[in-house]
Trainee: 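Mind looking over this structure? Questions follow.
All ligand and atom numbering here is 1-based and tracks the order in the structure. Along the sequence shown, residues carry numbers from 1. Everything numeric in this text was worked out from a predicted model, so none of it was measured.
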Amino acid sequence: MEKVTLGPMPYLSVMPTVLVGANVKGKANYMTVAWATVACMAPPMLCVAINKQRYTAIGIEENKTFSVNIPSAAQVIETDHCGLVSGTHKDKSTVFTSYYGKLKTAPLAKECPVNIECRLYNSVDCGSHLLYVGEIAEIHADKSVLTDGKPDVAKIAPIVYSQATYFGVGKELDKAFSAGKKYHSA
Ligand SMILES: Cc1cc2nc3c(=O)[nH]c(=O)nc-3n(C[C@H](O)[C@H](O)[C@H](O)COP(=O)(O)O)c2cc1C
């Protein structure tokens with residue numbers, strides 16, 4: 001394969017599309033985030049990269065809590081709206097129906113099939129963005145997206161983000177932690 005260099009840029013092949021929720025000045029606000037991943041197993045943690053200009057950052061700093069809501073393909077319009085409009089200029093508290101769980105101050109979007117409550121563990125100032133690391137306090141899931149009590153990606157139908165485009169999840173390729181057993185070195 002012939003390679004060309006593309007220069008340094010914030011790139012990964014695919015990313016998730018989630019909604020980060022935070023209470024800002026007592027009101028729920030949701031922003032779209034693609035720069036998000038799991039950060040630790042024990043204790044369970046995830047992290048989200050939030051630009052310092054975002055209204056959401058004010059709420060995370062204020063309450064030291066935030067939520068990560070996983071929208072399904074059916075919510076692509078509401079999800080993109082939360083990434084186009086800032087809470088600084090427009091109230092986004094009614095885009096989703098908010099409820100609260102264990103942490104009391106992290107708004108959870110009812111219409112999203114999975115809602116994750118996070119307690120702020122740490123933040124890393126990376127430059128334009130703050131990397132917020134959250135300890136997962138609780139996960140709420142619609143019964144309808146579970147198979148044998150576990151979240152089922154086919155039922156959740158999450159939104160995959162890549163290069164300013166939303167995609168659905170593709171077909172299963174093989175089993176992880178198993179496919180590699182077929183490897184035989186020459
Ligand atoms: C698909 C998509 C992904 C985005 N990912 C991020 C992200 O990872 N981090 C970020 O700071 N902004 C991201 N944004 C931009 C924010 O969602 C956008 O600026 C939003 O209006 C911020 O809302 P707020 O000011 O109410 O917090 C993304 C926008 C879209 C449409």
Trainee: Using a strict 4.0 Å cut-off to heavy atoms of Y55, name the atoms of ligand 1 that fall inside it.
Mentor: 24 (P), 25 (O), 26 (O), 27 (O)
Trainee: Could you tell me if E111 and T97 have a donor-acceptor pair between their side chains, going purely by distance under 3.5 Å?
Mentor: yes
Trainee: Side-chain contact test, heavy atoms from C-beta onward, threshold under 4.5 Å: evaluate it for P151 versus V145 and give yes or no.
Mentor: no
Trainee: Any N or O on T17 sitting closer than 3.5 Å to an N or O of ligand 1?
Mentor: no
Trainee: Give the atoms of ligand 1, by number and element, whose distance to some non-hydrogen atom of G87 is under 4.0 Å.
Mentor: 24 (P), 25 (O), 26 (O)
Trainee: Taking a cutoff of less than 4.0 Å between a non-hydrogen atom of the residue and any ligand atom, is I50 in contact with ligand 1?
Mentor: yes
Trainee: Mind checking whether Y30 and F96 have parallel, tilted or perpendicular rings, split at 30° and 60°?
Mentor: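 Perpendicular.
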Trainee: What are the atoms of ligand 1, with element, lying closer than 4.0 Å to any heavy atom of Y166?
Mentor: 1 (C), 31 (C)
Trainee: Answer yes if the side chains of Y161 and T32 hold a donor-acceptor pair under 3.5 Å, and no otherwise.
Mentor: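 Result is no, nothing qualifies.
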Trainee: Under a 4.0 angstrom heavy-atom cut-off, which atoms of ligand 1 come close to N29?
Mentor: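 Selected atoms, number and element: 24 (P), 26 (O), 27 (O).
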Trainee: Counting only nitrogen or oxygen atoms and a 3.5 angstrom limit, does A34 reach ligand 1?
Mentor: yes
Trainee: Between A49 and ligand 1, which residue portion shows a heavy-atom distance shorter than 4.0 Å: side chain, backbone, both, or neither?
Mentor: backbone
Trainee: Non-hydrogen atoms of C82 versus ligand 1: any pair closer than 4.0 Å?
Mentor: yes
Trainee: With atoms numbered from 1 as shown, which atoms in ligand 1 lie under 4.0 angstrom from a non-hydrogen atom of S86?
Mentor: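 So the atoms of ligand 1 that pass are 21 (O), 23 (O), 24 (P), 25 (O), 26 (O).
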Trainee: State, to 0.1 Å, how close P158 and V169 come at their nearest heavy-atom pair, and which atoms those are.
Mentor: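 For P158 and V169, the tightest heavy-atom pair comes out as CG-CG2, 3.6 Å.
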Trainee: Would you call D142-K155 a salt bridge at under 4.0 Å N-O?
Mentor: no
Trainee: Check step by step if side-chain contact (heavy atoms from CB on, under 4.5 Å) holds for Y100 and L108.
Mentor: CA-CA 6 Å; Y100 292 85; L108 306 164; 5.7 Å; no
Trainee: Among all protein heavy atoms, pick the one closest to atom 2 (C) of ligand 1 and tell me residue, atom and distance.
Mentor: T32 CG2, 3.7 Å
Trainee: Please determine whether any non-hydrogen atom of K92 lies less than 4.0 Å from an atom of ligand 1.
Mentor: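 K92: in contact with ligand 1 (<4.0 Å).
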Trainee: Number the atoms of ligand 1 from 1 as they appear, then name those within less than 4.0 Å of a heavy atom of D80, with their elements.
Mentor: 31 (C)
Trainee: Could you list which atoms of ligand 1 come closer than 4.0 Å to a heavy atom of Y161?
Mentor: 1 (C)
Trainee: Given side chains that start at C-beta, do those of I50 and H129 come closer than 4.5 Å, heavy atoms only?
Mentor: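 When only atoms from C-beta onward are counted, H129 and I50 do not touch, as no gap falls below 4.5 Å.
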Trainee: Can you list the ligand 1 atoms lying under 4.0 Å from a non-hydrogen atom of V85?
Mentor: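 With V85 as reference, the close atoms of ligand 1 come out as 20 (C), 21 (O), 23 (O).
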Trainee: Can you tell me the protein heavy atom closest to atom 27 (O) of ligand 1 and the distance?
Mentor: T56 OG1, 2.5 Å
Trainee: Return the closest protein heavy atom for atom 11 (O) of ligand 1 as residue, atom name and distance.
Mentor: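 The closest heavy atom on the protein side is N51 N, 2.8 Å.
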Trainee: Is ligand 1 under 4.0 Å from a heavy atom in the side chain of Q53, in the backbone, in both, or in neither?
Mentor: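 Near ligand 1, Q53 shows nothing, with every heavy atom at 4.0 Å or more.
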Trainee: State, to 0.1 Å, how close P113 and I70 come at their nearest heavy-atom pair, and which atoms those are.
Mentor: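 Taking every non-hydrogen atom into account, CD-O, 3.0 Å.
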Trainee: Please determine if K102 and E117 form a salt bridge, counting it only when a charged side-chain N lies under 4.0 Å from a carboxylate O.
Mentor: no
